Protein chains: 2
Amino acid sequence: MRQKKTSAGHVTVLERLRAAGLRPTRQRMALAKLLFARGHRHVSAEQLFNEAKAQRVDVSLATVYNALHDFTAKDLLREISIDSSSSYFDTNIGNHHHFYFERSGRLEDIADDQVQIAALPEPPGGAEVSRVDVIIRVKA
Amino acid sequence: MRQKKTSAGHVTVLERLRAAGLRPTRQRMALAKLLFARGHRHVSAEQLFNEAKAQRVDVSLATVYNALHDFTAKDLLREISIDSSSSYFDTNIGNHHHFYFERSGRLEDIADDQVQIAALPEPPGGAEVSRVDVIIRVKA
DNA sequence: TCTCAATTTAGAATAATTCTAGACTACCTT
DNA sequence: AAGGTAGTCTAGAATTATTCTAAATTGAGA
Ligand SMILES: [Mn+2]
Ligand SMILES: [Mn+2]
Ligand SMILES: [Zn+2]
Ligand SMILES: [Zn+2]
């Protein structure tokens, strides 16, 4: 067992932060709870900031950005830029793809095995691939 | 034959604009020439504005944005947002995919037939797919 | 040539994000 | 249990891509 689990079977927020080498400050703990409490999410900085306010979590917008970027750097989140207006942070860091609903700007996960790629070209100059993103843009 | 061709075999910029229902103004003509002169390109508004300046084409930045959006609305261009810092406009409007070089921010086309997708899920609620984008992110 | 909607433009406005620099705090050492 | 210090937080300013405004210009049909 590499990380402690709660009786419910999930890793606590405190342990997640510690494991990532991030100090578990009051702000990071609160934001991490909002992010990882249940299920996977695609959330913008502004959205998370508003959720925090709604729950009387006193945290500045700058800290929300700092936390999102710190979490991303430590692979607790993945950043996604599809719409140029703002970026999303994805709590699902495993291999997967997305539906993008053009009207609402919402993202929905597609499990990795739902997409089967039979052929992909090699990057020029033998460069290393960091990730392959498949985005199905939907008129809705 | 649906459009006139030059002796070299390509459709003139004037005819492209007319066919799209866009007035061929001095500014649009100049920008269209820069965009479509040779080969496919991925260009930002700022880049195009600078090219125009370099060639002494007197055009405002607002007009560059207007033209890029008008061209996109009329399917002469496709807009791509991969990097949240700015969007690119692609002169290749046919089906194709992209390499994205993370260090430089550059995009490179992948021909449609180089990517073979064996399985793709249906959008929920039977919504219509407007496009499937495959982006191979490369560490280079 | 006359007319007018379409287009252009300078400059202001907007909005997401980042930066600055001083205050605060988690946590290691003693 | 203090003290010291690097790490973190934050208000507010700054940055930057993009859009908006409103007045001037212009393309194209009558
Ligand atoms: Mn970012
Ligand atoms: Mn745009
Ligand atoms: Zn996702
Ligand atoms: Zn392309």
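Every value quoted in this text rests on a predicted model; they were computed, and no experiment measured them. Naming convention: chains lettered A, B, ... in sequence-line order (proteins, then strands); numbering from 1 in each chain. Atoms considered below: every heavy atom in the structure, side chains included; atoms not considered: hydrogens, waters and symmetry mates.
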Which residues pass the ring pair (Phe, Tyr, Trp, His ring centres under 6.0 Å) test with A:H98, sequence neighbours left out? A:H42, A:H96
Return a single string for nucleotides 6-14 of chain D, one symbol per nucleotide in 5' to 3' order, where B is base contact, S is sugar-phosphate-only contact and - is none, cutoff 4.0 angstrom on heavy atoms. BBSSBS---
Pairs under 3.5 angstrom only: tabulate donor-acceptor contacts from the side chains of residues 55-64 of chain B to other protein residues two or more places apart or in another chain.
unit_1, atom_1, unit_2, atom_2, d
B:S60, OG, B:T63, N, 3.1
B:S60, OG, B:T63, OG1, 3.0

Could you write out each protein N or O paired with an N or O of nucleotides 28-30 of chain C at a distance under 3.5 Å?
none

For the pair made of CG in A:D83 and C1' in C:dA15, what is the distance, rounded to whole Å? 13 Å
Looking at side-chain heavy atoms only, is the closest gap between B:F89 and B:I80 below 4.5 Å? no
Using a cut-off of strictly less than 4.0 Å, decide whether B:S87 has a side-chain nitrogen or oxygen near OP1 or OP2 of D:dT18. yes
One would report the end-axis bend of the helix from C:dT1-D:dA30 to C:dT30-D:dA1, five pairs per end and rounded to 10 degrees, as 30°
Starting at atom CD of A:E79, determine the distance to atom P of C:dA16, rounded to an integer number of angstrom. 15 Å
Kindly write out the residues that satisfy side chain to side chain donor-acceptor pair (under 3.5 Å) with B:R78, not counting sequence neighbours, or none if the list is empty. none
Can you sort out the partners of A:R26 under salt bridge (charged side-chain N to carboxylate O under 4.0 Å, His left out), two or more places apart, ordered by chain and number? none
Which pairs, with at least one residue in residues 103-112 of chain B and sequence neighbours excluded, count as a salt bridge (Lys or Arg N to Asp or Glu O under 4.0 Å)? B:R106-B:E108
Check the distance between D:dT18's P and B:L48's CG and give it to me in whole angstrom. 12 Å
To the nearest Å, how far apart are A:R18 CZ and C:dA26 P? 11 Å
Please tell me if B:H69 has a side-chain N or O lying less than 4.0 Å from either OP1 or OP2 of D:dT18. no
Which atom pairs, one a donor and one an acceptor, fall under 3.5 Å between side chains of residues 131-140 of chain B and the rest of the protein, sequence neighbours left out?
unit_1, atom_1, unit_2, atom_2, d
B:R131, NE, B:D133, OD1, 3.0
B:R131, NE, B:D133, OD2, 3.3
B:R131, NH2, B:D133, OD2, 3.3
B:R137, NE, B:E102, OE2, 3.1
B:K139, NZ, A:E128, OE2, 3.4

Separation of C:dA10 atom P from B:K53 atom NZ, nearest Å, is 11 Å
Please identify each residue that fulfils salt bridge (charged side-chain N to carboxylate O under 4.0 Å, His left out) with A:E46, with sequence neighbours left out. none
Taking the nucleotide of DNA chain D with the closest heavy atom to each, which residue, B:P24 or B:E46, is nearer the 5' end? B:E46
Is it possible for you to say whether A:Y88 and A:L34 belong to one hydrophobic cluster, with membership spreading through side-chain heavy-atom contacts below 4.5 Å? no
Applying side chain to side chain donor-acceptor pair (under 3.5 Å), can you list everything that pairs with B:S85, at least two apart in sequence or on another chain? B:D83
Looking at every strand, decide which applies to A:S44 at a 4.0 Å heavy-atom threshold: base, sugar-phosphate, or nothing. nothing
Which residues share a salt bridge (charged side-chain N to carboxylate O under 4.0 Å, His left out) with A:D90, sequence neighbours left out: none
Taking only the side-chain nitrogens and oxygens of B:Y65, find out if one of them lies under 4.0 Å from OP1 or OP2 of D:dT19. no
